[in-house]
2 protein chains.
Amino acid sequence: MTYSIKAVADKTGLSIYTLRFYDKQGLLPFVSRNAAGYRVFTDGDLHLLHTICCLKDTGMKIADIRQYIAYVMQGPTTIPQRQHLLSTHRQAILDQQAKIMQNLQEVDFKLNLYRQPNAQALVTAELAVAQAEKRANGLPNPFEK
Amino acid sequence: MTYSIKAVADKTGLSIYTLRFYDKQGLLPFVSRNAAGYRVFTDGDLHLLHTICCLKDTGMKIADIRQYIAYVMQGPTTIPQRQHLLSTHRQAILDQQAKIMQNLQEVDFKLNLYRQPNAQALVTAELAVAQAEKRANGLPNPFEK
DNA sequence: ACTTGCCCTAGAGTATTGTCGAGGGTTTAT
DNA sequence: ATAAACCCTCGACAATACTCTAGGGCAAGT
């Protein structure tokens, strides 16, 4: 079974443009061409493309994905390098997730404030403090309609 | 207490360029200027800037942060809009986190494979299958040194 | 007065990740 | 054999988020 670029676009949700862009960026060196120069995707290619999408969707840069694919193309001798690249990436994801969850807690704090029955009063008070601070420092008041 | 742009840059880790960029983008309408046209940050401004960083670090686009700040500038009447914006963002974060964790599982699967004692053999076999697939479809073999 | 180290704006430049149009060849069905 | 629907490359354009340069003003110490 083989697939045209359009078939792959339909299967993956990536646009044809994006697939060609990825190829241009060196992410698809494993995709063969037919006599007319058309890209021909095999099932194995789809599997690798899926891996590429996993890496992309977890935030890996195209340059790093290219490196990973280059290792894959070089065969089994590059297993240690692949391992290193992926585990570094894995840790980066986890670190970033943790950071996001921390920041999310502050967003939640704000949300909670806005949901208080006396939210209006709280926000008004906060605004008054900010304006007083400006006045105390002889600054113009930027909170004006 | 007030702070120069440099002091704020040092405190937040944002570059002076970035702070000026944020101002240009309408994220800092609350920052006053002194007689010489210099930006003067108050403690309240730093607090709001911190909120901006939270939103940015959780992936919110500058355009949306600008909207949030605009609501804040408009005073307590915009609490419902702020609530809607933040809770939409909150859900977007959670959805994305979930998607990333799913994709991470596939990365983990690969990592686990590379850590097997017979990883070399497994990868070699996979490569052989991919090459056979190309041959079976009369395609050139892209896996060559 | 002068040097140093800040501050400002406007606008150009950069990096990343696409997205699209022009111009042209291929395949398939009628 | 011709239209419709594909495919190709190349290169321009776009959105996002900075980053930096040029040109010039201000403030403090010597």
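Treat the numbers as computed from the prediction; the structure is a model and nothing was measured.
In terms of phosphate contacts, R39(A) brings no side-chain nitrogen or oxygen within less than 4.0 Å of OP1 or OP2 of dC7(D). Between S4(B) and the phosphate of dC6(C), there is no side-chain N or O to OP1/OP2 separation shorter than 4.0 Å. Here R20(B) does not reach the OP1 or OP2 of dA17(D): none of its side-chain N or O atoms lies under 4.0 Å away. The side chain of Y22(A) contributes an N or O atom lying less than 4.0 Å from OP1 or OP2 of dG18(C). OP1 or OP2 of dT19(D) sits under 4.0 Å from a side-chain N or O of T18(B).
Atom CZ in F41(A) sits roughly 10 Å away from atom P in dC7(D) (whole-Å rounding). Note: CZ (R33(B)) to C1' (dC6(C)) measures 15 Å, nearest angstrom. Rounded to an integer number of Å, the gap from I5(A) CD1 to dT27(C) P is 16 Å. If you take OH of Y17(A) and P of dA14(D), they are 15 Å apart, rounded to a whole angstrom. One interatomic measurement links the two molecules: CG of N34(A) to P of dC7(D), which rounds to 11 Å at whole-angstrom precision. If you take CG of L19(A) and P of dC20(C), they are 14 Å apart, rounded to a whole angstrom. Computed from coordinates, the I16(A) CD1 to dT19(C) P distance equals 12 Å when rounded to whole Å. Y38(B) has its OH atom 10 Å from the P atom of dA28(D), to the nearest Å.
Distances from the side chain of K61(A) to the nucleotides dT16(C), dC18(D), dT19(C) place dT16(C) closest. The side chain of F21(B) sits closest to dT19(D) out of dT19(C), dT19(D), dC7(D). For K56(A), the side-chain atoms get nearest to dG18(C) when compared with the rest of dC18(D), dC26(D), dG18(C).
In the displayed structure, Q96(A) atom CD is contacted under 6.0 Å by at most 12 heavy atoms of other residues, nucleotides or ligands. For CD of Q105(A), the number of neighbouring non-hydrogen atoms (other residues, nucleotides, ligands) closer than 6.0 Å is 12 at most.
Side-chain atoms of D45(B) come within 3.5 Å of backbone N or O of T42(B) as a donor-acceptor pair.
Among all heavy-atom pairs drawn from Y71(A) and R82(A), the shortest one is O-NH2, 3.5 Å.
Side-chain contact, Y3(A) with D43(A): a donor N or O sits under 3.5 Å from an acceptor N or O.
Among the protein residues, K24(B) comes within range of the nucleic acid bases, having at least one heavy atom under 4.0 Å from a base atom.
Mapping A36(B) and A63(B) onto DNA chain D by nearest heavy atom places A63(B) closer to the 5' end of the strand.
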